[in-house]
Amino acid sequence: MPELPEAERARALIESRALGRTVAAVDDGDTWVCRPHGPGEIDAALSGATFTAAHRRGKAIWLDADRGPPLGMHLGMSGRIVVDGPGPGERWDRFVVHFADGGSLALRDMRRLGRVVLDPDLSRLGPDAADVSRPEFRARVGLGRAPVKARIMNQSVIAGVGNLLADEGLWRARLSPRREAGSLSVAELDRLRRALRAATRRAVRLGGVHTGELVPHRRRGGACPRCGAPLERGTVGGRTTYWCPREQRG
DNA sequence: ACCTATGTTGATAC
DNA sequence: GGTATCAACATAGG
């Protein structure tokens, strides 16, 4: 699930439920998820602190505390944030903040591809895909020989677009995922930005990227929900891609 | 049983 | 530098 919409919902959950609460102890024993920290390092940095703000850029989430470094969190491919149970210490809880009031904040992640780190490095993240301005989008996305789908999924170009949101946005903009990014006209770039922002906002509102219009049809044998043509399936930018061969030619 | 598939990122090689 | 490929993880399904 985790693309920008899921990350934003996780951030909002933390903002509404975890700010102002004091950390009693942290389970940071999964040094794969918490690398490069050793066990106890995050606990030592956060115990006694109170979270004061929850931020997000693209898929990256970070929390400020009233003392100590910010706490960075990334959901990876299968992670989600769970506040106040049920059952902190579930099998898939890879990182748990226990609050002094008895509650908890956990990163629940079966595949352990999520990450928790102190003082996260955000320097290689592009502007957030939901906020990027039109001139900035034109200048950053409309470059290079790579397919436009690979370009918009590059987190240092714009941050937050994953495999599903990319397919959804390209479909809404009626652009072929294979189009060379540098060949897009200004009008096409503007159309793509608009489509991506609309798809993103809608997914945040409705609960996640799976609530898109194209995404539910994104399976073998699926048809375009606008024109009914059988969807094409292939690999673009190394990722499984679905698109409408009738509407998304150019 | 064995193979492929899956929302992520990063390290590597050309 | 930009681009492509593979690996990391753990599970589900044909």
Side-chain angles (χ1 to χ4, degrees), chain A residues 1-11 29-37 56-62 72-81 90-95 107-117 120-126 128-130 139-171 177-184 196 199-200 202-204 206-222 231 233-243:
Chain A
M1 294 155 55
E3 298 191 28
L4 189 157
E6 287 76 11
E8 172 53 25
R9 291 178 73 87
R11 188 207 63 79
D30 190 326
T31 53
W32 173 263
V33 168
C34 297
R35 71 175 183 274
H37 300 298
R56 179 191 61 76
R57 180 144 127 229
K59 305 169 196 173
I61 298 167
W62 69 97
M73 311 185 86
H74 196 295
L75 301 176
M77 202 183 261
S78 55
R80 62 198 188 97
I81 296 296
E90 286 282 339
R91 178 153 69 116
W92 292 320
D93 284 351
R94 312 304 188 182
F95 175 83
L107 171 64
R108 193 162 292 177
D109 179 15
M110 181 177 73
R111 290 178 65 182
R112 300 171 79 208
L113 294 171
R115 294 291 176 263
V116 179
V117 64
D121 175 18
L122 307 171
S123 65
R124 286 170 323 189
L125 276 187
D128 190 85
R140 301 179 75 95
V141 173
L143 294 176
R145 290 178 355 208
V148 60
K149 175 170 180 183
R151 191 77 189 157
I152 58 176
M153 287 179 60
N154 182 336
Q155 303 299 299
S156 64
V157 174
I158 51 171
V161 178
N163 197 34
L164 300 184
L165 207 47
D167 280 4
E168 181 83 18
L170 289 161
W171 175 79
R178 295 201 148 119
R179 269 288 291 284
E180 199 173 288
S183 78
L184 295 183
L196 233 24
T200 302
R202 176 188 148 103
V204 170
L206 297 184
V209 72
H210 281 104
T211 64
E213 292 177 63
L214 173 70
V215 171
H217 304 272
R218 216 181 150 280
R219 51 184 167 75
R220 284 182 158 95
L231 291 177
R233 177 186 191 271
T235 300
V236 181
R239 309 297 304 276
T240 299
T241 302
Y242 287 84
W243 70 97

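Letters A, B, ... are given to chains in the order of the sequence lines, protein chains preceding strands, and every chain is numbered from 1. Worth knowing before you read on, the calculation uses all heavy atoms, side chains too, and leaves out hydrogens, waters and symmetry mates.
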Peer 1: Between the base of dC9(C) and the side chain of R112(A), is there a donor and acceptor pair under 3.5 angstrom?
Peer 2: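 No, the side chain and the base share no sub-3.5 Å donor-acceptor pair.
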Peer 1: For the CZ atom on R219(A), are there more than 12 heavy atoms of other groups (residues, nucleotides or ligands in this structure) within a distance under 6.0 Å?
Peer 2: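 For R219(A), atom CZ is crowded (more than 12 foreign heavy atoms under 6.0 Å).
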Peer 1: Between R9(A) and E6(A), does at least one N-O distance fall below 4.0 Å, as a salt bridge requires?
Peer 2: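 The answer is no: the pair does not qualify as a salt bridge.
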Peer 1: Using a heavy-atom cut-off of under 4.0 Å over every strand shown, decide if R35(A) touches base, sugar-phosphate, or nothing.
Peer 2: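 Counting heavy atoms under 4.0 Å across all strands, no contact is made by R35(A).
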Peer 1: Indicate, with a heavy-atom threshold strictly under 4.0 Å, whether R239(A) touches base, sugar-phosphate, or nothing.
Peer 2: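 It contacts base atoms.
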Peer 1: Check every atom of dT6(B), dT8(B), dT11(C) against the side chain of W92(A) and return the nucleotide holding the closest atom.
Peer 2: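 Of the options given, the side chain of W92(A) lies nearest dT11(C).
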Peer 1: I want to verify a distance call: between dA4(C), dA5(B), dT8(B), whose nearest atom is closest to the R233(A) side chain?
Peer 2: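 Among the listed nucleotides, the one closest to the side chain of R233(A) is dA5(B).
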Peer 1: Send over the distance from M77(A) CE to dA8(C) P, rounded to a whole Å.
Peer 2: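 The distance from CE of M77(A) to P of dA8(C) comes to 14 Å, rounded to the nearest Å.
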Peer 1: With a 4.0 Å cutoff (strictly under), does any side-chain N or O of H74(A) reach OP1 or OP2 of dT8(B)?
Peer 2: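 So the side-chain polar atoms of H74(A) never come under 4.0 Å of the phosphate oxygens OP1 or OP2 of dT8(B).
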Peer 1: How long is the line joining CZ of R111(A) and C1' of dT9(B), in whole Å?
Peer 2: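 So the two atoms are 12 Å apart, to the nearest Å.
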Peer 1: How about CZ on R145(A), more than 12 heavy atoms from neighbouring residues, nucleotides or ligands closer than 6.0 Å, or not?
Peer 2: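 No, the 6.0 Å shell around CZ holds no more than 12 heavy atoms from other groups.
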Peer 1: I'd like to know if the side chain of R57(A) reaches the main chain of L125(A), judged simply by a donor and an acceptor atom lying under 3.5 Å from each other, with no hydrogens or angles considered.
Peer 2: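 Yes, because the side chain of R57(A) sits within donor-acceptor range (under 3.5 Å) of the backbone of L125(A).
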Peer 1: G162(A) near the nucleic acid: base, sugar-phosphate alone, or nothing, with a heavy-atom cut-off under 4.0 Å?
Peer 2: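 Sugar-phosphate, no base atom in range.
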Peer 1: Between atom CG in D109(A) and atom P in dA8(C), what is the gap in whole Å?
Peer 2: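 The answer, rounded to whole Å, is 17 Å.
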Peer 1: Separation of N163(A) atom CG from dT8(B) atom C1', in whole Å?
Peer 2: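 Answer to the nearest Å: 10 Å.
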Peer 1: Please report the distance, rounded to the nearest Å, between CG in L113(A) and C1' in dC6(C).
Peer 2: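 Nearest whole value for this atom pair: 14 Å.
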Peer 1: With a 3.5 angstrom cut-off on both distances, give the Watson-Crick or G-U wobble partner of dT6(B), or none if there isn't one.
Peer 2: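 Result: dA10(C).
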Peer 1: From the set dT3(C), dG10(B), dT9(B), return the single nucleotide nearest to any side-chain atom of A146(A).
Peer 2: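 Selected nucleotide (nearest to the side chain): dT3(C).
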Peer 1: More 5' along DNA chain C: R145(A) or W32(A), using each one's nearest nucleotide?
Peer 2: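 The residue mapped nearer the 5' terminus is R145(A).
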Peer 1: Between atom CG in L107(A) and atom P in dC9(C), what is the gap in whole Å?
Peer 2: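 My rounded result for the distance is 16 Å.
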Peer 1: Taking only the P atom of each, what is the distance from dT9(B) to dA12(C) in whole angstrom?
Peer 2: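 It works out to 24 Å between them.
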Peer 1: Rounded to whole Å, please give me the gap between CE in M110(A) and C1' in dT6(B).
Peer 2: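 Rounded to the whole Å, the gap is 9 Å.
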Peer 1: Under 3.5 Å, side chain of S78(A) to main-chain N/O of R111(A), donor-acceptor pair present?
Peer 2: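 Pair found, side chain donor or acceptor close to backbone of R111(A).
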Peer 1: So, OP1 or OP2 of dT6(B): does either fall under 4.0 Å of a side-chain N or O from T240(A)?
Peer 2: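 The answer is yes; a side-chain N or O of T240(A) sits under 4.0 Å from OP1 or OP2.
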Peer 1: Quick one: R220(A) CZ to dT6(B) C1', roughly how many Å, whole number?
Peer 2: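 The distance from CZ of R220(A) to C1' of dT6(B) comes to 12 Å, rounded to the nearest Å.
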Peer 1: Decide salt bridge (Lys or Arg N to Asp or Glu O under 4.0 Å) for D167(A) and R239(A); before the verdict, give the C-alpha distance in whole Å, the side-chain angles of both, and the deciding distance to 0.1 Å.
Peer 2: CA-CA 10 Å; D167(A) 280 4; R239(A) 309 297 304 276; over 6 Å; no
Peer 1: Do R115(A) and dT8(B) have a side chain to base donor-acceptor pair shorter than 3.5 Å?
Peer 2: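 Flag unset: no donor-acceptor pair detected.
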Peer 1: Quick check on dT11(C): is either OP1 or OP2 less than 4.0 Å from any side-chain nitrogen or oxygen of R91(A)?
Peer 2: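 So the side-chain polar atoms of R91(A) do come within 4.0 Å of the phosphate oxygens OP1 or OP2 of dT11(C), strictly under.
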